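Data block below; observations after.
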Amino acid sequence: MRPSLRRRLLTLSAAATLVVTGRASASIWLMMRLSLQQALDQTLHAEAEALASRLEEEGRIEFEFEIANADNAAPGRDTLIQIVADDGRSVFSSPKLAGTRQLLELASQDARGAHVLWFNARVPAPRHDLRVVALHAVAASGNESRASAGENACRAWVLVARSLQPLHDTLRRLAGVLALIVMAAGAAALLLGHFVARAGTAPIRALARDLSCVHVQRPELTIACSAVPVELDPIVNTVEQLLERIRLELERQRQLTADVAHDLRTPLAGVRTLLDVCVQRPRENLEYVATIQKAQAALRQLSELVENVLALARLDAAIDQPAWEMVSVPEVVAAAIAMVHPLAIARGVTLRTNYAGTDVARSDRNMLAKILSNLLTNAVEHSPASGSVLVDVEAAADSLRITVEDHGPGIPPALRDRVFERFARGDAARPGDGHHGLGLPIARGLARLLGGDVQLDDTYTGGSRFVVTLPGAVSRPVSLAR
Amino acid sequence: MKLLLVEDDELLGSALAQGLREAGYTLDWARDGEMGWYQLRTGDYDGVILDWMLPKLNGLELLRRRRRTNGLAPVLMLTARDSTTDLVTGLDTGADDYLVKPFEFAELLARVRVLLRHRYAHGSSVIRVADLEVDLARREARRAGKPIELTAREFSLLELLALRANQVVSRIDIWNKLYETNEDGTSNVVDVYISYLRRKIDRGRKPLIVTRRGQGYMLQGTPCVHPSAGAS
């Protein structure tokens, strides 16, 4: 069963109530027992004293003891009496005690020699417990002092007993009442706890309602801070932070969508208008051919953009995984250079390569080629006419380091942090020169997929230099690779 | 009718320029915001077609500047952004209308016509002067119900005169409206075109095109505009 805050509160409050009332009841019961016993002991002691003094006054042990005596000093009706002479002879015994052993024998042996004894005794028939007080009395003859009584003095134990039954009954009733009280308190605690827990968890439900109202497109928490209990602050704060992150991400996505929309719609609008205008009137064949060629060029650019946008989407969704294999780095570099070659020729840019050490790496051929061709395209496009772009491949330990540097204007410091962001371009006004600012983000995404990275070298001042670092290079002489 | 097109995209810009010129408009094409602003300040345009995202000076900023100088030419914004806030911003800043890329060229033409009609306070696209009908939408002219064949430039001239019917239009105004800023030519060509137009419209009828010596030309007649006529 899953933990429930309400059940927990309920259980805790009921348990606490049971413990508190239980302990209080136990204390009450124990105090009650103690005071009742003390009262009984006092009564018995007083009665025993009275009997003992009468015995002493009478001066003899053998006296007719009238139970029904209305004397003030006479013990109560429930009182059982036994008088036992020191020699063990029973002088007197209440009728109810007839047939039982002498009570004194039941007292512990250690108590011998004491003047007063208190003890409990159990009588077999009818079976019940007795509280007994035994008082050692000396019945002196005449007016002689007790000390000098000598042989004339007659010593005897006066035993006064009462049944413990009434006391036990009282205590049992009290225990019953107290148990009822404890159970009632427990039940009350459960009932009260139910409402308390309900009321106590209400802010959580209110918060949940507020959270359920948060709109996906506009993630804002509209709660007055004063209305939220202090204890829920950690949750509210966490949610706020989460929503803030979502807001930023949404804003980024919106900007990205707007950028994609702009870059897709502009060439689309161009092609459409071109064709709309073309069919408005009959034209020469040459004009049609020129229009078709223009449309073809625009569509080529457009499909390149769509491919790039889709490549980024695939990277984001982690759809493509590297096909690991041993790759000849010079081959891949050559393939990347071949891809960029037409553009380099068109712009009069020379491409140079420089290998050092390794030339085999465990990588994905297509991804590596794409990373390099994107960096090369970027370098060629930013190179001055008749400039040169250098690709430098070197192995460091078991990693591969490829740098691509151009001698263009470089990247202004303000833009260096944003150069790997999508649709970030040199000119903020977004010239329509076919740059979409997707090549570098794709290169970095692919490099990271291969366990490496692409970074801008800040220290290089002769243009811009991008550094690709990839794991998995294997040192091998260049000659063996061919 | 002279338009200013401010568009940085080579493909869209050239297609629009060709289409608009073929539709009979005189057109200057500025390829960035700065150039657009310069042309707008110095030229006399009946309407502006303005892209939103431009290098150097974006369309919105250009609109703000234009508003500060109380520019009159109506502006049609072209935008690739379709969020409502963007459109509201554009309209609030002074754009008269907008089109979201990509658009149908015919729709752009229709919207340009509407903008120009508002500029000259005509509710209809058909202007009537005496028994002459000038249909701005179809770019057709009729006199007494009979269609008149006109070249694009002749019609532009007629359109200009018709929109300012019974007002004198100076020769330099005509020249400015009919010729692109970078086109060569002398104001003499205005007289040539006026004579072509007279030949087609006024020959054998009561002359409507009047010469005001030293001032310019005027299309004279009882103006009679039927707003409902535009629908036919």
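The figures that follow rest on heavy atoms only: side chains count, while hydrogens, waters and symmetry mates do not. Residue numbering restarts at 1 for every chain, and letters A, B, ... go by the order of the sequence lines. Values in this document were obtained by computation on a predicted structure and should not be read as measured data.
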* To do: Tell me, with the steps shown, if A:V277 and B:E22 meet side-chain contact (heavy atoms from CB on, under 4.5 Å).
  => CA-CA 9 Å; A:V277 169; B:E22 285 177 3; 3.9 Å; yes

* Can you see which heavy atom on A:G270 is nearest to which on B:A15, and at what distance? => O-CB, 4.2 Å

* B:E10 bridged to A:K294 by N-O distance under 4.0 Å -> no

* To do: Flag yes if more than 12 heavy atoms outside B:E149 fall under 6.0 Å of its CD atom; otherwise flag no.
  => no

* Structure fact -> B:F103 and A:D276 have their tightest heavy-atom pair at O-OD2, 4.1 Å

* Measure the spacing between CD of B:Q18 and OG1 of A:T291 and express it to the nearest 0.5 Å. => 6.5 Å

* Does CG in A:L286 sit with more than 12 non-hydrogen atoms of other residues, nucleotides or ligands closer than 6.0 Å? -> no

* Between B:T79 and chain A, which part of the residue has a heavy atom less than 4.5 Å away: side chain, backbone, both or neither? -> neither

* Structure fact -> Under 4.5 Å to a heavy atom of chain B? For A:R254 that would be neither

* Asked: Is it true that atom OH of B:Y98 has more than 12 heavy atoms of other residues, nucleotides or ligands lying nearer than 6.0 Å?
  -> no

* Closest approach of A:Q280 to B:G19 (non-hydrogen atoms, all atoms of both residues) -> OE1-O, 4.4 Å

* From B:L12 CG over to A:L274 CG, what is the distance, rounded to the nearest 0.5 angstrom? -> 9.5 Å

* Asked: Quick check: does any side chain N or O of A:R265 sit under 3.5 Å from a backbone N or O of B:P102, one acting as donor and the other as acceptor?
  -> no

* Asked: Counting only heavy atoms not in B:Y196, do more than 12 sit closer than 6.0 Å to its OH atom?
  -> no

* Asked: So, for A:V271 and B:L11, which heavy atoms are closest and what is the spacing to 0.1 Å?
  -> N-CD2, 3.7 Å

* **Which portion of B:L109 sits near chain A, non-hydrogen atoms under 4.5 angstrom** => side chain

* Asked: Do you know the tightest heavy-atom contact between A:A261 and B:A80?
  -> CB-O, 4.1 Å

* Do A:L275 and B:F105 pass the side-chain contact (heavy atoms from CB on, under 4.5 Å) test, and can you show the C-alpha distance, the side-chain angles, and the key distance before you say yes or no? -> CA-CA 9 Å; A:L275 298 178; B:F105 183 67; over 6 Å; no

* When you look at OH of A:Y288, are more than 12 heavy atoms from neighbouring residues, nucleotides or ligands closer to it than 6.0 Å? -> yes

* Structure fact -> Taken to the nearest 0.5 Å, the spacing of A:R272 CZ from B:K101 NZ works out to 13.5 Å

* Asked: Distance from B:D9 atom CG to A:T266 atom OG1, nearest 0.5 Å?
  -> 6.0 Å

* Asked: Around atom CD of A:E284, are there more than 12 heavy atoms of other residues, nucleotides or ligands at under 6.0 Å?
  -> no

